[in-house]
Student: 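Here it is, the structure in full.
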2 protein chains.
Amino acid sequence: MYGLRDDFEGVKHWRLTAPKGRIIYDEGEPISTFYRVDQGCVRLQVNREDGRRQILAFLFPGDVFGVESEVVRRAAAEAVTRVELTCFQGSGSGGVCSADAAAGLAHAACEMATALATHLMGLCHTGAERRVRWFLDWAAMRQGCDPVGGRLDLPMSRRDIADFLGLTPETLSRTFGRLEALGEIRVLSARRLVLRPRDGGPGALRAA
Amino acid sequence: MYGLRDDFEGVKHWRLTAPKGRIIYDEGEPISTFYRVDQGCVRLQVNREDGRRQILAFLFPGDVFGVESEVVRRAAAEAVTRVELTCFQGSGSGGVCSADAAAGLAHAACEMATALATHLMGLCHTGAERRVRWFLDWAAMRQGCDPVGGRLDLPMSRRDIADFLGLTPETLSRTFGRLEALGEIRVLSARRLVLRPRDGGPGALRAA
DNA sequence: CGTGGGTTTGACTATACTCAACTACGGTGG
DNA sequence: CCACCGTAGTTGAGTATAGTCAAACCCACG
């Protein structure tokens with residue numbers, strides 16, 4: 001569904017590689033480009049006055065981001081892992097002029113709106129357990145990972161996930177533990193887990 | 001900021017009036033049009049399996065909605081009040097062909113993404129009080145209502161607001177009560193209140 | 001004037017947050 | 001290759017907060 005459209009053929013573009021943690025752009029910066037993720041994972045986030053932050057979206061290869069109709073960035077984009085990006089000149093409703101490019105921008109903006117709406121739906125789940133289940137489903141879907149028995153790689157930190165879900169890292173950790181006790185997941189390491197391991201490896205049913 | 005653009009001049013369009021409560025379109029319906037609110041208030045919502053629903057956005061005059069890149073509607077649109085709409089033929093990346101129209105769609109989709117991101121930021125506020133304060137600020141901003149001493153009209157029901165904020169109506173009601181006790185608002189009736197009434201009318205400081 | 005849905009209030013419970021300490025892992029340098 | 005250190009993650013205890021269930025209230029509507 002992503003990645004194969006190339007509406008931006010005629011648009012001036014260049015490649016960019018950023019190491020893990022690098023800020024692609026920051027809140028308040030003037031908008032001059034938009035981006036496509038080619039490799040790695042990017043997060044969009046807003047840093048709040050009280051030091052907490054909200055992660056609006058995690059972006060994966062094929063995703064287009066940075067398309068905004070404002071003058072300055074309202075959210076920052078940071079590299080979760082080492083990332084490879086394609087940068088395109090112009091953004092929002094100005095800067096590109098061909099009908100194809102405008103249609104591509106519309107498409108990208110629609111995708112972003114859909115992603116945000118999906119995220120919103122996840123957050124409306126009351127109860128940490130349901131939010132985390134939703135997150136796992138979402139992550140599995142994005143990675144094309146089998147929701148039963150599949151291995152899921154989470155490139156982001158626990159704190160990232162917590163800030164994405166509006167939970168504290170403590171609650172998130174406890175919830176992972178509870179889901180593991182229920183046999184719904186098996187945590188291999190902090191960033192690697194197995195979904196619904198049916199009996200599977202040792203320990204899967206121990207807690208039951 | 002809204003309402004004065006008219007990128008859709010060349011697009012086939014017609015007018016539609018809907019009474020309060022009318023479903024403009026429902027989840028799962030094929031997408032063939034997009035809309036602009038001319039008068040009244042519309043809500044976008046997703047109905048959840050457990051009977052609860054999440055309201056994704058409230059839309060006011062000038063707002064464009066229904067621009068999606070999918071095949072079927074992922075959310076329903078319902079009239080909060082009696083509404084007057086302009087309907088436009090086509091949606092998403094297909095159906096309209098002029099560069100102006102495509103740019104207009106991109107703009108509309110960006111606005112929607114921004115609105116959803118803003119909403120997400122509001123929801124990430126932990127604590128009902130902060131969420132409700134954010135909602136009041138947001139509503140005041142959208143209505144051009146003076147945040148100090150201004151009269152705010154809320155066209156939607158308490159349940160609507162609760163579903164928008166991810167709270168229960170009970171918690172919302174109590175929170176309104178607490179804010180009134182703090183002197184931050186004065187509730188005239190369920191759908192009409194005054195922001196930061198400085199001493200103002202009788203009762204404003206009674207609870208302090 | 002009567003009815004009914006929306007709203008408010010109350011009591012109780014479950015849940016997630018806070019603060020704090022402990023542990024495990026990964027990266028670095030000897 | 002191993003030891004060290006720092007960060008990220010986990011665990012624990014106590015508390016605040018929002019949810020749930022239930023009933024009363026009030027306004028808007030017919």
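Just so it is clear, the structure is predicted and the values come from calculations on it, not from any experiment. Labels below follow one simple rule: chain letters A, B, ... track the order of the sequence lines, proteins then strands, and each chain is numbered from 1.
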Student: Should A:R22 and A:E78 count as an ion pair when the cut-off is N to O under 4.0 Å?
Tutor: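 Answer for the salt bridge query: no.
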Student: Atom CE of B:M156 to atom C1' of C:dT7: distance rounded to whole Å?
Tutor: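 So the two atoms are 16 Å apart, to the nearest Å.
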Student: Using the six-membered ring of B:F176, assess whether NZ or CZ of B:R158 lies under 6.0 Å from its centre and within 45 degrees of the ring axis.
Tutor: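 Flagged: B:R158 positioned over aromatic ring of B:F176.
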Student: Provide, to the nearest angstrom, the distance between the CZ atom belonging to A:R192 and the C1' atom belonging to C:dA24.
Tutor: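 In whole Å, C:dA24 C1' and A:R192 CZ are 18 Å from each other.
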Student: What is the distance, rounded to the nearest whole Å, between atom CZ of B:R159 and atom P of C:dT8?
Tutor: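 Distance check: B:R159 CZ to C:dT8 P gives 13 Å.
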Student: Of B:T175 and B:S189, whose closest DNA chain D nucleotide lies nearer the 5' terminus?
Tutor: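 First, find each residue's nearest nucleotide; the 5'-ward one identifies B:T175.
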Student: If I take atom CZ in residue A:R191 and atom P in nucleotide D:dT10, what distance separates them, rounded to the nearest angstrom?
Tutor: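 In whole Å, D:dT10 P and A:R191 CZ are 11 Å from each other.
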Student: Please tell me which of the listed nucleotides, D:dG9, C:dA16, D:dG19, lies nearest to the side chain of B:T168?
Tutor: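 It is D:dG19.
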Student: Ignoring hydrogens and geometry beyond distance, is the side chain of B:R174 in donor-acceptor contact with the base of C:dG10 at under 3.5 Å?
Tutor: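 Side chain to base: pair present.
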Student: Is the distance from OP1 or OP2 of C:dC17 to the nearest side-chain N or O of A:T171 less than 4.0 Å?
Tutor: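 Yes, A:T171 has a side-chain N/O under 4.0 Å of OP1/OP2 on C:dC17.
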Student: Are any of the side-chain nitrogens in B:R196 or B:D146 under 4.0 Å away from the carboxylate oxygens of its partner?
Tutor: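 Judged by the 4.0 Å cut-off on N to carboxylate O distance, B:R196 and B:D146 do not form a salt bridge.
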Student: Output the rounded distance in Å from NE2 (A:H125) to P (C:dA16).
Tutor: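 To the nearest whole Å, that distance equals 14 Å.
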Student: What contact category does A:R131 fall into here, base, sugar-phosphate, or nothing, at under 4.0 angstrom with non-hydrogen atoms?
Tutor: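 The residue A:R131 makes no contact with any strand.
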Student: Could you tell me the separation between the CG atom of A:L123 and the C1' atom of C:dA16, rounded to a whole number of Å?
Tutor: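 Taking atom C1' of C:dA16 as the reference, CG of A:L123 is at 15 Å.
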Student: Could you check how far CD of A:E170 sits from C1' of C:dC22, rounded to whole Å?
Tutor: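 Going from A:E170 (CD) to C:dC22 (C1'), I get 13 Å.
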Student: Closer than 4.0 angstrom, basic N to acidic O: yes or no for A:E170 and A:R174?
Tutor: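 Salt bridge flag = no for A:R174 with A:E170.
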Student: If the threshold is 4.0 Å, N to carboxylate O, is there a salt bridge linking A:R52 and A:D163?
Tutor: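 Here A:R52 does not pair with A:D163 in a salt bridge, since their nearest N and O are not under 4.0 Å apart.
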Student: For A:G177, which contact category applies under a 4.0 Å heavy-atom criterion: base, sugar-phosphate, or nothing?
Tutor: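 The residue A:G177 makes no contact with any strand.
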Student: Given atom CD of A:E129 and atom P of C:dC17, what is their separation to the nearest angstrom?
Tutor: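 A:E129 atom CD is separated from C:dC17 atom P by 14 Å.
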Student: Specify the residue among B:S173 and A:T126 whose closest nucleotide of DNA chain C lies further upstream toward the 5′ end.
Tutor: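 Its nearest nucleotide being more 5', the pick is B:S173.
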